[in-house]
Protein chains: 2
Amino acid sequence: MTGRRKRATIRELAAYTGLSASAVSYALRGIHVSAETVERVRRAAEEIGYEADPIARALRGGATGMVGLIVGSLADFWNQELVRAVMRELRARGLHALVADADGEPGRELELARRLVDHRVDGLIASPVGPPGDDWGAIAGSVPMVTIGDALAGVPTAGEVVFDTDSGVTATLGHLHTLGHRRVAVLSWALETSPGRRAEVAVRRHAEAIGMEVMLVPCAYSLNGSRPLALDLLASADRPSAVFCLSDSIAYGVYHACAELGLAIPADVSVVGFDDHPISRLLQPSLTSTAWDVEAVARAATGFLGDALAGNAARQRMVVVPTLLARASTAAPGV
Amino acid sequence: MTGRRKRATIRELAAYTGLSASAVSYALRGIHVSAETVERVRRAAEEIGYEADPIARALRGGATGMVGLIVGSLADFWNQELVRAVMRELRARGLHALVADADGEPGRELELARRLVDHRVDGLIASPVGPPGDDWGAIAGSVPMVTIGDALAGVPTAGEVVFDTDSGVTATLGHLHTLGHRRVAVLSWALETSPGRRAEVAVRRHAEAIGMEVMLVPCAYSLNGSRPLALDLLASADRPSAVFCLSDSIAYGVYHACAELGLAIPADVSVVGFDDHPISRLLQPSLTSTAWDVEAVARAATGFLGDALAGNAARQRMVVVPTLLARASTAAPGV
DNA sequence: ATGAAAGCGCTAACAT
DNA sequence: ATGTTAGCGCTTTCAT
């Protein structure tokens, strides 16, 4: 259809400089050649606008400069923020992001990961992933991989940014308990797809420990997914005194439902989120939530990957400790 | 570092089937060969798990299955939604998104576009772009490109999804005017980078037409960018009676500022957004804004690109008409 | 209908 | 220090 571009090739640069292609290749990477040649070739490349073709280089086995970024669901606002932050860090390192959204289907994550590897990404960053499976081992074995969130047990990743979910959950339930809540609904997007997830396990365990009755309710990721569910949940006569949403996006849907039902937050029902999103503090009432430092997470993840790409074999690990931001959406239950 | 994967190659498949590589290549694409061979090769491919290497194919000049997606700024929540929607549509077509965030720097957009072309994306989808420049012509000439938002005048794009910004702006200003507002501050993220943008031009023109005094204020994209600015703007004695934000994200920052200043919306100041975001209706008061159907936009853009990739040379164009959602953040100015 | 051979642009052995 | 050669995995002439 339209005319393909006519990029300068290494052979043209070779002809231009009077060298061979390989000499040029070496010169551009500053190996095997004299400093003088390096300089001369660099300048020549500049002149004719030569830049190595990433695809050809990739075919040969080299790096592409692309990093695969796998997200559990972009419908979740916090994940959107994470993608933004990670992409920003990647760009600072001269890398591109090949983003793949599993859209809530854990099964799709592996499939996407494989595709990304097929596309020769130099590395992989995977955030909220479904339950660990053997197949991740093969992936992580073929390309450096960094996880964000829950770690993939038994998988030889290059690094992991682990969320201390337990302490986040503990703090949240403790907060509600202190306020006097004894019956709490917990809305989780992972219940059906990844039942053994740390967060849900922690909820059950800690609730039992402090003598709190929790109802775990599976819930779609997004604002629109949680609204109808919350309508049901809160319309019933014996509604819980508090709702703990394992994602702020879910909490937004609950706000919506409360407004429709004429329920006041926190007078009639307390609402808590998770993974504090910038908007949460703007809501009325401002949403109590648990914050992870997204920028720090993104920086660590890309840093780990960068180190692995640079040949550093040491597995790195960072545990991110959350901050409970008790705001106006939680209070003692009404009588 | 870790062992590279050992994908089946076309030669292996050739050996396996007793055919030549070229015959296999043809068979897989169902050309030049007997139906029987096609079937046999397909089955064999299945058996040994062969799939064409996208990188090798790309080097040869074929398609990569990757689409470049250029966003003006991912700091903007609406853009995040757009990316999500577009990626979803792309995935439905079996395509991957190589996402590039210009992060508010229009100059970076072209640079990113070039890089994406270097990476052999099959096509390009570019949303909020800076001012049109000649260089876009070269890009759009080398790879099918679809724009979202303002069209790139004079650039041979494969398609454009054009926002009828004028009518959005007109409706918004009209709405404020009807309520009785005569002095309105307009917060725009494009003022410095792309002064001639349709939206800003429309604001000036229509404000003059209806006898409204507007102050155009340049403003960073995000919530955090607009807050300090709004603090200044609204603290002054002769503050405008309404603030029109050319992005909901900006409006969120204004909400924040109002809360800090103890200003009531809309009693003390009316606030309007643009590009309705799902959260806007949840705010208190709910934010008056102008909605574009994101899903429709994404569908059209990927559809246009898909058609172009399929060889359809006809340039396509869709004009998206906005809906003004008058909500609770706008009212008659107080006395 | 199928095979042989060339080549996309690059890099890494192996000369020299 | 530089040149020659041989591929990476695929598609496409050009033969047969």
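Each chain gets a letter, A, B and so on, in the order the sequences are listed, and its residues count up from 1. When reading the values below, keep in mind they use all heavy atoms of this one structure, side chains included, and skip hydrogens, waters and symmetry mates. Quick caveat: nothing in here was measured; it's all calculated off a predicted structure.
- Of all heavy-atom pairs between A:G30 and A:V38, the closest is CA-CG2, 4.1 Å.
- Contacts of A:S22 with the nucleic acid, taken as non-hydrogen atoms under 4.0 Å apart, include base atoms.
- Across all non-hydrogen atoms, the minimal contact from A:A21 to A:A14 is N-CB, 3.7 Å.
- Both B:G18 and B:L59 sit near DNA chain C, but only B:G18 has its closest nucleotide nearer the 5' end.
- What you find for B:W136 and B:V155 is that their closest heavy atoms are O-CG1, 3.7 Å.
- Toward the 5′ end of DNA chain C lies the nearest nucleotide of B:I31, the other residue of the pair B:I31 and B:A56 mapping further downstream.
- Among the heavy atoms of the strands lying under 4.0 Å from B:R57 are primed sugar atoms or P, OP1, OP2 only; no base atom is included.
- From the 5' end on, the contacts that DNA chain D makes with chain B at under 4.0 Å to a non-hydrogen atom open and close at D:dC8 to D:dT13.
- Across all strands, B:L19 comes closer than 4.0 Å only to sugar-phosphate atoms, never to a base (heavy-atom distances).
- The closest side-chain heavy-atom distance from B:V99 to B:M87 is below 4.5 Å.
- Residues B:E111 and B:R115 are paired through a salt bridge, judged by an N-O separation under 4.0 Å between the basic side chain and the carboxylate.
- The residue A:A58 sits apart from the nucleic acid: no heavy atom pair falls under 4.0 Å.
- You can see that DNA chain C meets the heavy atoms of chain B within a 4.0 Å-exclusive cut from C:dA1 to C:dG9, reading 5' to 3'.
- Across every non-hydrogen atom of A:V33 and A:T37, the tightest pair is CB-CB, 4.3 Å.
- Shortest non-hydrogen contact noted between A:A27 and A:R42 is O-NH2, 4.1 Å.
- Among the atoms of the strands shown, base atoms are found under 4.0 Å from some heavy atom of B:R11.
- Using a cutoff of 4.0 Å between basic side-chain nitrogens and carboxylate oxygens, B:D103 and A:R91 are scored as salt-bridged.
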